[in-house]
Amino acid sequence: MKLTVAPLQEPAPALPSSATAGQVVGNDQIAAVFEDIANLLEIEDANPFRIRAYRNAARTLRALTFEVAELIARGEPLPKLSGIGVDLAGKINEIVTTGDCALRQRLCTALPAGLVELLSIAGLGPRRIKHLYHDLGIETVQQLCHAAKEGLIRHVPGFGEKIEARLLQAAQKGIGRDRRLPLAFVAPVASRLADYLKQLPGVEAATVAGSVRRMRDTVGDIDILVAAARSVDVTAHLLKHQDVSTVLVRGRTRASVVLGTGMQVDLRVVEPAAYGAALVYFTGSKAHNIAIRQLAQKQGLKLSEYGVFSARKCLASATERAVYQALGLEWMTPELREDRGEIAAAQAGTLPKLIELGDLKGDLHAHTDASDGSHSLEVMALAAQQAGLEYLAITEHSRSLRVAHGLDVDRLLKQIDQIDALNARLKGITLLKGIEVDILEDGSLDLPDDILGRLDVVVGAVHSHFLLTLRQQTQRLLRAMDHRYFTMLAHPSCRLINQRDPLNLDLPAIIKAARQRGCCLELNAQPQRMDLLDLQCRYAKDEGVLISINSDAHRSADFAYLQYGVAQARRAWLEKHDVLNTRSLKALKEFLNSNSA
Ligand code: DGT
Ligand code: CA
Ligand code: CA
């Protein structure tokens, strides 16, 4: 989290630096404690099922539409939540009442204190820390720096020189406080805060700006822009919000606060007349801002957060559209504002017609309680229908992924029958038969051809051997994609935000191979995956490879993540025809049949 704040425009009145009164423990805070526990258990080399239980519970909590703490405060019992049994429900109670959990504290004390601190270094997840601890005895950031400088880390299996250099850099920056969070965790918090500010009388508009508005996959801090007359004390209202725990900066027109989750919020208040120009500025990106300011200069104009000016005369400032128009540009959606060619396109009137959520007709990657999902086939089918989809491929894990109860041939055959029976009953939604088949270390698939050939969709994925060399990893995936029944490569980079680095992969080679073999690449919309990344997706599109935007749903609420997948696709300039699952069921089936012929 960045704590550096620009100087105030006006002196801040004295204020206590912390305001914890009336704070409620939100679902995301409870989830964060569970994620901590999972990380600590992983360093401890605990039972993988147990680790997964905490991660699943964290996911469940983050997907809820109500605050658990409020139920508890009202003395109501928790409803039955998937993946949350008696033990975890007790821990939720404990966290809500005490703000922490004895297990987390015990794990923190059982492990050397420095190890926990190591978790906050970018690129260092629990698995890597475990190796560094066991192989080199590294327990602290200082020891990490020392070992990296001595060139010892590169010899630990799975590390290598590049990772060593990156870790040294991250450790030296003391990067712990610079952790970025997944968009899907932050965006709802940001929009709730904006809604809260909108309720203050005199506030004309309140909008989330910055990276959240651009729908970037990870977020450093939340920026909120408010339009109100100077007489309205918006910052005082923000400070009263129950989630605010620390005040960093407070002025009349700006404030920076830290929420209970550690997320920073920057608030800016502007006069309604300057709202458009301020919104352009605070939406960014910084690179986009710099590029349009240079464009203004070339035209003899001046662009600032207050408007577009010719000499002293203000040409535009009230709306974004007017500001862009004054610069000779079409308005462009925030997802495009990264200085990646959008300015030239807006000048030429050739901005892409981007894909929208409503264009999705189906989802080609989802789990049920047969593997590691929480809900039954029928519940998932109905939830997909509710989300506006016409088809849903059920793609359980395959047998070698035991920690996720992967399916063997017999269980998969049974599911195929269940899907047939259910399809005969369901109206308006069709289930497709699929599998998320493990790509084994040598690139072979985890199930035999005769069963794969009976499926509509074969989604191949890596869930082990993440640390192969670039050559090995690339060969592995190319071999998997060579398989005649292979439909798409799931979460190709395998990165997990703040948990796992991407695979060592020659992605251009993978993309080229995908085009040659007519197979698709997935844009997986799980919050910590968001994989392929935006630029990679755009590259794939330019190379003529179809993308499938999938929720990888493990519970009925997860279809809501599709909106973030679509947002990332928009950041990649994807149009409807670039995305496989915008096709009708009939057109999809034609594609699938021609593909495995
Ligand atoms: P984040 O918070 O790291 O996820 O990314 P942003 O884009 O939200 O960045 P942030 O919060 O530092 O600033 C919000 C916006 O304010 C940013 O997108 C563009 C604008 N901005 C901030 N600093 C500068 C700057 O030095 N120059 C220009 N031109 N714009 C800036
Ligand atoms: Ca920001
Ligand atoms: Ca900011």
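Both counts, for ligands and for their atoms, begin at 1 and track the order of listing. What you see below is based on every heavy atom in this structure, not just the backbone, and it leaves out hydrogens, waters and symmetry mates. Just so it is clear, the model here is predicted, and its values are computed rather than measured.
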Study note, to complete from the structure: ligand 1 atoms nearer than 4.0 angstrom to some heavy atom of T283 are 18 (O)
Point to revise | For D221, atoms of ligand 1 separated by under 4.0 Å from a heavy atom | key: 2 (O), 11 (O)
Exercise for review: Determine, considering heavy atoms only, which of K286, R180, E338 sits nearest to atom 25 (C) of ligand 1.
Suggested key: K286
Review point. Does an N or O anywhere in R216 fall below 3.5 Å from an N or O of ligand 1?
Key: no
Check your understanding: Closest to the Ca ion (ligand 2), which N/O/S atom of D221 is it?
Key -> OD1
Practice item. Answer yes or no: is there a donor N or O on one side and an acceptor on the other, between the side chain of Q264 and the main chain of S256, under 3.5 Å? Key: no
Review point. Charged N to carboxylate O below 4.0 Å: is that the case for K198 and D195?
Key: yes
Review point. Rounded to 10 degrees, what angle sits at the Ca ion (ligand 3) between D266 OD2 and D223 OD1?
Key: 100°
Check your understanding: With under 30° as parallel and over 60° as perpendicular, where do the rings of H491 and H365 fit, or are they tilted in between?
Key -> tilted
Study note, to complete from the structure: Per-atom filter on ligand 1: closer than 4.0 angstrom to a heavy atom of V219 are 4 (O)
Check your understanding: Within 45° of the axis and under 6.0 Å from the centre of the six-membered ring of F282, does NZ or CZ of R268 qualify?
Key -> no
Point to revise | K130: side chain to side chain donor-acceptor pair (under 3.5 Å) partners, not counting sequence neighbours | key: D45
Practice item. State whether the shortest distance between N or O atoms of T218 and N or O atoms of ligand 1 falls below 3.5 angstrom. Key: no
Exercise for review: Run through R529, R571, R495, Q528 and flag the one making a side chain to side chain donor-acceptor pair (under 3.5 Å) with D217.
Suggested key: R495
Check your understanding: Any N/O of S285 closer than 3.5 Å to an N/O of ligand 1?
Key -> no
Study note, to complete from the structure: Here the atoms of ligand 1 under 4.0 Å from any heavy atom belonging to G210 are 8 (O)
Review point. What atoms in ligand 1 come closer than 4.0 Å to a heavy atom of R293?
Key: 29 (N)
**Study point:** Polar atom proximity, R214 to ligand 1 (N or O, under 3.5 Å)
**Key:** yes
Exercise for review: Give the intermediate values and the outcome of side-chain hydrogen bond (donor to acceptor under 3.5 Å, both in side chains) for residues S245 and D243.
Suggested key: CA-CA 6 Å; S245 79; D243 287 354; over 6 Å; no
Point to revise | Atoms of ligand 1, numbered as shown, that sit under 4.0 Å from any heavy atom of D223 | key: 8 (O), 11 (O), 14 (C)
Revision key, fill the gap. Ligand 1 atoms nearer than 4.0 angstrom to some heavy atom of G220 are 1 (P), 2 (O), 3 (O), 4 (O)
Exercise for review: Hey, could you give me each pair passing side-chain hydrogen bond (donor to acceptor under 3.5 Å, both in side chains) that has a residue in residues 205-216? Not counting sequence neighbours.
Suggested key: T207-Y275, R213-T283, R213-E320, R214-E338
Point to revise | For R555 against N56, the heavy-atom pair lying closest together | key: NH2-O, 3.7 Å
